[in-house]
Structure formats: C-alpha cells, structure tokens
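Keep in mind it's a predicted model, so treat the numbers as computed, not measured.
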Amino acid sequence: NEQSALDAFSALLTEAGMDVLPSEDPLLVLDFMDEYQPDVLVVDIEMVACRGPELVTLIRQKERYAQLPVVYLTAWNDHERQLAARRSAAEDFLSKSGDPAVLIAAVETLARRHRRLQRTAAEVAARDEDLSLALAVAQVGSWVLDFTRNEMHWSPEARRIIGLREGINLSLDDFLAHVVHPDDQAMVKQFRRATLKGEPSEVEYRLVRGDEIRWASSRAERILDPAGNIVRYVGTMRDITERRRAELGQEHAKRVLAQV
C-alpha cells in the first residue's frame with residue numbers, strides 16, 4: 001500500500017545518509033517547503049489527493065523552486081504514460097520495483113547538482129550586491145535592457161537618479177518619453193542608435209523629475225550572442241547635476257564679465 005511504500009523508500013534514502021522528510025499527504029508538502037528547503041523532490045506519479053505532475057507544477061510556480069530537481073516514482077509500465085510524465089519536466093523517472101541503488105544514485109547526483117547551482121547563484125547574487133553598493137558609493141547607476149525578454153532592469157542607484165520608486169518598472173521607451181527632457185530626447189535616441197550599432201558613445205542630458213530639472217551622463221554597450229545577435233543593452237548613469245550647474249554658473253559669469 002501507499003504508506004508501506006512511503007516508509008520503505010524513506011528508510012532506503014535515510015540509510016543512504018540523506019535527510020528525508022516523508023509526507024503521505026501531497027498537499028502538506030506546500031506548507032513545509034519553505035521551512036525544509038529540499039534539494040530534491042521524490043514524488044509518486046499517482047496519489048490520492050492529486051497527481052505528481054500537478055503537485056510539481058504548483059511547487060514550481062514559486063521562483064525559488066522553479067529549478068528544483070524532481071524524481072518521479074511509478075508502477076506504470078505503459079510507455080506512453082512514462083513519456084507524458086517525462087514531458088512534465090522531471091529530471092528522472094524510475095520504477096518503484098527497480099534497483100534501489102539507481103534511486104539512491106539519482107537522488108545523490110541531483111542533490112549535489114542542485115546545491116552547486118544554489119551556491120553559484122548565491123555567489124553571483126553577492127557579487128551583484130557588492131557591485132551595486134560600489135556603484136551607489138560612486139553615485140553611478142546601471143540598467144540592463146534584456147532583448148530576449150523585452151524587460152528593463154534598473155539598479156537602486158539608477159532608480160534614485162531618475163526618481164523611480166522600488167517596485168515600479170519603466171521601459172526604455174517610457175524613460176525617453178517621460179523622463180528625458182523633451183529638448184534632449186532626439187540626442188538620447190541618437191546615442192541609443194549609435195550604441196546598438198556597436199559605436200562607443202556617451203551622452204549628457206536633462207531629466208525631468210516633477211518640477212525639478214537634473215542632469216545625467218550615460219554610457220552603454222550592446223551584448224551579443226555567439227551568432228552576433230543583440231541579447232542585452234547594458235548602460236550606466238551618473239548624476240552630474242552639481243557639475244553642470246557649476247559649469248553653467250561659470251558660463252553665465254563669463255558672459256556677464258564680457259559685457260562689462
């Protein structure tokens with residue numbers, strides 16, 4: 001029966017040195033996922049409360065579990081059913097009556113891979129945080145336009161410079177239309193075209209933030225895939241308002257002196 005099979009597989013994996021949290025009720029799995037944070041999910045294809053692929057679909061709706069490895073266990077011998085299960089994005093599909101050593105090896109391999117990917121992701125996130133902090137200290141913001149997803153990402157410092165609140169996104173077109181000063185929009189569009197052609201470019205322009213006009217300086221670079229297609233458009237942004245105000249003040253003083 002299901003309980004004896006659950007006990008048997010739990011004991012098998014525990015004896016192999018794994019930390020196992022068995023659950024007879026698949027719906028309870030959703031409740032303790034965040035607390036337990038598994039490296040691998042071993043799921044029966046057919047359960048009383050729901051089917052295994054349905055449970056996995058629910059779990060993977062959470063971003064943190066989108067890449068969680070899954071091993072399906074089944075008593076099915078039907079080839080078409082097995083193919084359907086594999087199409088549900090499981091990493092492995094094993095028979096309940098198969099060699100226990102195969103299950104142990106599959107879970108151990110997937111767990112090691114998952115932990116390695118998690119460590120790599122954490123290291124990348126830490127580096128990104130360090131870079132964002134360094135850029136903020138230097139008062140330099142950054143932004144990335146992902147062409148494959150058509151998504152625009154602004155760093156915290158870039159958001160501060162343009163006055164964009166956290167949680168609100170802004171496309172590049174909207175930035176040009178609503179944040180860049182109308183008299184500078186053609187110049188910024190020319191800067192964007194030059195960058196997309198691979199030409200090094202820098203532009204200084206005005207930002208409209210409510211009743212205030214501020215100045216910014218931007219550089220950008222295109223990122224290509226091996227086939228030469230643009231996949232990302234990466235740029236930096238620096239608030240140069242105080243420098244431009246000082247320069248404009250000096251220019252005004254020179255004009256006044258020239259008239260004396």
Give the minimum heavy-atom separation between [X] and [Y], together with the two atoms involved.
{"X": "L12", "Y": "P100", "answer": "CD2-CB, 3.6 Å"}
{"X": "S218", "Y": "Y205", "answer": "OG-OH, 2.7 Å"}
{"X": "I161", "Y": "G141", "answer": "CD1-N, 4.1 Å"}
{"X": "V180", "Y": "Q185", "answer": "O-NE2, 3.2 Å"}
{"X": "R60", "Y": "L68", "answer": "NH2-O, 2.7 Å"}
{"X": "P22", "Y": "L6", "answer": "CB-CD1, 3.9 Å"}

Distance from [X] atom [atom1] to [Y] atom [atom2], nearest 0.5 Å?
{"X": "L41", "Y": "Y36", "atom1": "CG", "atom2": "OH", "answer": "10.5 Å"}
{"X": "E221", "Y": "L224", "atom1": "CD", "atom2": "CG", "answer": "9.0 Å"}
{"X": "M187", "Y": "R206", "atom1": "CE", "atom2": "CZ", "answer": "7.5 Å"}
{"X": "M33", "Y": "R64", "atom1": "CE", "atom2": "CZ", "answer": "8.5 Å"}

TODO: Indicate, with yes or no, if L73 and M18 share a hydrophobic cluster defined by side-chain heavy-atom contacts under 4.5 Å among Ile, Leu, Val, Met, Phe, Trp and Tyr.
DONE: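 Shared cluster, yes.
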Task: Transitive ILVMFWY side-chain link F32 to V56, under 4.5 Å - done: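 Linked, F32 and V56 end up in one cluster.
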TODO: Go through the steps to decide whether I59 and V70 satisfy the test side-chain contact (heavy atoms from CB on, under 4.5 Å), and finish with yes or no.
DONE: CA-CA 11 Å; I59 290 172; V70 175; over 6 Å; no
- [ ] Look at atom CD of E35 and say whether more than 12 heavy atoms of other residues, nucleotides or ligands are closer to it than 6.0 Å.
- [x]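 Count not over threshold, so no.
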Say whether, by atom type as modelled, one donor and one acceptor occur between the side chain of [X] and the main chain of [Y] under 3.5 angstrom.
{"X": "D225", "Y": "V231", "answer": "no"}
{"X": "E202", "Y": "S217", "answer": "no"}
{"X": "E151", "Y": "D146", "answer": "no"}
{"X": "R159", "Y": "I168", "answer": "yes"}
{"X": "T241", "Y": "W215", "answer": "yes"}
{"X": "R238", "Y": "R219", "answer": "no"}
{"X": "R214", "Y": "L207", "answer": "no"}
{"X": "Y65", "Y": "D34", "answer": "yes"}

- [ ] Quick one: do D174 and M152 satisfy side-chain contact (heavy atoms from CB on, under 4.5 Å)? Show the steps, please.
- [x] CA-CA 11 Å; D174 287 340; M152 188 75 179; over 6 Å; no
Task: Side-chain touch L110/R113, heavy atoms, less than 4.5 angstrom - done: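 L110 vs R113: side chains touch.
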- [ ] Would you kindly say whether R115 and Q118 are connected by a side-chain donor-acceptor distance under 3.5 Å?
- [x]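 Looking only at side-chain atoms, Q118 and R115 do not form any donor-acceptor pair under 3.5 Å.
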Open item on the list: One pair to check against side-chain contact (heavy atoms from CB on, under 4.5 Å): L13 and L103. What are the steps and the verdict?
Closed with: CA-CA 8 Å; L13 296 175; L103 173 61; 4.2 Å; yes
Open item on the list: ring pair (Phe, Tyr, Trp, His ring centres under 6.0 Å), that's the test. Do W154 and F175 meet it? Break it down for me.
Closed with: CA-CA 11 Å; W154 303 89; F175 169 71; 5.3 Å; yes
- [ ] Give the intermediate values and the outcome of side-chain contact (heavy atoms from CB on, under 4.5 Å) for residues Q67 and L117.
- [x] CA-CA 9 Å; Q67 304 301 323; L117 291 174; 5.9 Å; no
